[in-house]
There are 2 protein chains.
Amino acid sequence: MPKLDLFQFTPFRINRLAAEISAALSSEYRDRYGIDIPEWRVLATLGFRQEPCTAQYVVDCTRTHKSTISRAVTNLLRQRIVERVENEQDRREFALQLTAKGTALYEEMIPRMLRREQDILSCLSARDRKSLDAMLGKLERSLDLVQGKIPQASRKAGN
Amino acid sequence: MPKLDLFQFTPFRINRLAAEISAALSSEYRDRYGIDIPEWRVLATLGFRQEPCTAQYVVDCTRTHKSTISRAVTNLLRQRIVERVENEQDRREFALQLTAKGTALYEEMIPRMLRREQDILSCLSARDRKSLDAMLGKLERSLDLVQGKIPQASRKAGN
DNA sequence: GTGAGATAGTTGCATTTGAGACTATATCAA
DNA sequence: TTGATATAGTCTCAAATGCAACTATCTCAC
């Protein structure tokens, strides 16, 4: 009889690990800043990419459902963390960018988030990290999760 | 100004990867067998561990919330995939095990699931897989996700 | 024994989420 | 132009989920 040990089943292990890491990280932005996961993803996308970009671009980058991103953007607008301007060339879309408040929040959060990442990875040697990075890269490419697939939203949204 | 590239941020990468793998796998059991993720976890736990065990044991193994497991068990009972008997020694708990139907389902599903896993890992060499396995193991131990923490439910539930 | 605290499992409630319909706009071909 | 199709973003609805309260039972100290 064929058997499957969940503890050795890679999909399960990765899922469980992801959930645990998520929980460890989200306490940082949820408790301290009142930001939830979708909001954090929007913030991180806009903050990294200094140019304005569309909600659709965030959807493509983060692989998060568009209704989820839409709601996150609404919340961030209400909190004045993000602002948006209609694109004159294409009036279906809006160019999103961080406000001064949003930028300040981003700059305050990032070092904390990076520190948390380091805490989580602290059980791995430099060589291990390289190796993990390589494995993730291969899996991402194989599953079509690569950056190359992401449209250059800036060209449209930016000007 | 400190920046953080989501695409290089390990927690995000692992999360996105997990979501993608989950989606790829769940189509197998959801579309074909009408089983959802929590139900699959119960099924996999009971099928692997041939002895009866408690819902709490499944909770510990899978790190899934007990209300989620409770509902999954209810569904599996209704579908006659799982059966349970009250433990005479401790009448708070029930010993869960697969029915004949459940065992047949398990045996049909497992090879498919293993094949899916192999498909996903097919982008990795044997050496890569060992390496990935080692990385996951280190992270799991570091985050206290290790099997060692799982109680031997069989002693109580089994007899 | 008795009472305090722990544990297994269920359930109600509020939140989150994804699917998909919907509006408005853009593109492109005839 | 016009009509067909595609896309950005919002909204409604239903399903999934976690939390916390609850019941029933067990354990253990006194």
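Here is how names work: the chains are called A, B, and so on, in the same order as the sequence lines, proteins then strands, and each is numbered from 1. In this text the structure is predicted, and so the values were computed from the model without any measurement.
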Spell out yes or no: do the side chain of R71(A) and the base of dG18(C) have one donor N/O and one acceptor N/O closer than 3.5 Å?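 By the distance-only test, yes, there is a pair.
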
Just so I know, are the side chains of [X] and [Y] near enough to count as touching, which here means a heavy-atom distance under 4.5 Å?
{"X": "W40(A)", "Y": "Y33(A)", "answer": "no"}
{"X": "L136(B)", "Y": "L132(A)", "answer": "no"}
{"X": "T45(B)", "Y": "Y57(B)", "answer": "yes"}
{"X": "K138(B)", "Y": "D128(A)", "answer": "yes"}

If you assign each of L77(B) and H65(A) to its closest nucleotide in DNA chain C, which residue comes earlier from the 5' end?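 Upstream on the strand: L77(B).
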
Give the nucleotide from the list [options] with an atom nearest to the side chain of [X].
{"X": "S70(A)", "options": "dT10(D), dC19(D), dA26(C)", "answer": "dT10(D)"}
{"X": "R91(A)", "options": "dA19(C), dT25(C), dG9(C)", "answer": "dT25(C)"}
{"X": "S67(A)", "options": "dT17(D), dG20(C), dT25(D)", "answer": "dG20(C)"}
{"X": "R92(B)", "options": "dG18(D), dT25(D), dT12(D)", "answer": "dT25(D)"}

Rounded to whole angstrom units, what separation is found between the [atom1] atom of [X] and the [atom2] atom of [N]?
{"X": "I37(A)", "N": "dG18(C)", "atom1": "CD1", "atom2": "C1'", "value": "15 Å"}
{"X": "R30(B)", "N": "dA15(D)", "atom1": "CZ", "atom2": "P", "value": "14 Å"}
{"X": "Q56(A)", "N": "dA26(C)", "atom1": "CD", "atom2": "C1'", "value": "15 Å"}
{"X": "Q89(A)", "N": "dT25(C)", "atom1": "CD", "atom2": "P", "value": "15 Å"}
{"X": "F94(B)", "N": "dC26(D)", "atom1": "CZ", "atom2": "P", "value": "11 Å"}
{"X": "K66(B)", "N": "dC19(D)", "atom1": "NZ", "atom2": "C1'", "value": "10 Å"}
{"X": "I69(A)", "N": "dG20(C)", "atom1": "CD1", "atom2": "P", "value": "19 Å"}
{"X": "E86(B)", "N": "dA8(C)", "atom1": "CD", "atom2": "C1'", "value": "12 Å"}

Is T68(B) touching bases, backbone alone, or none of the nucleic acid, heavy atoms closer than 4.0 Å?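 Touches sugar-phosphate only.
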
Which heavy atom of L43(A) sits nearest to which heavy atom of G102(A), and what is that distance?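 So the two residues come closest at CD1-O, 4.1 Å.
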
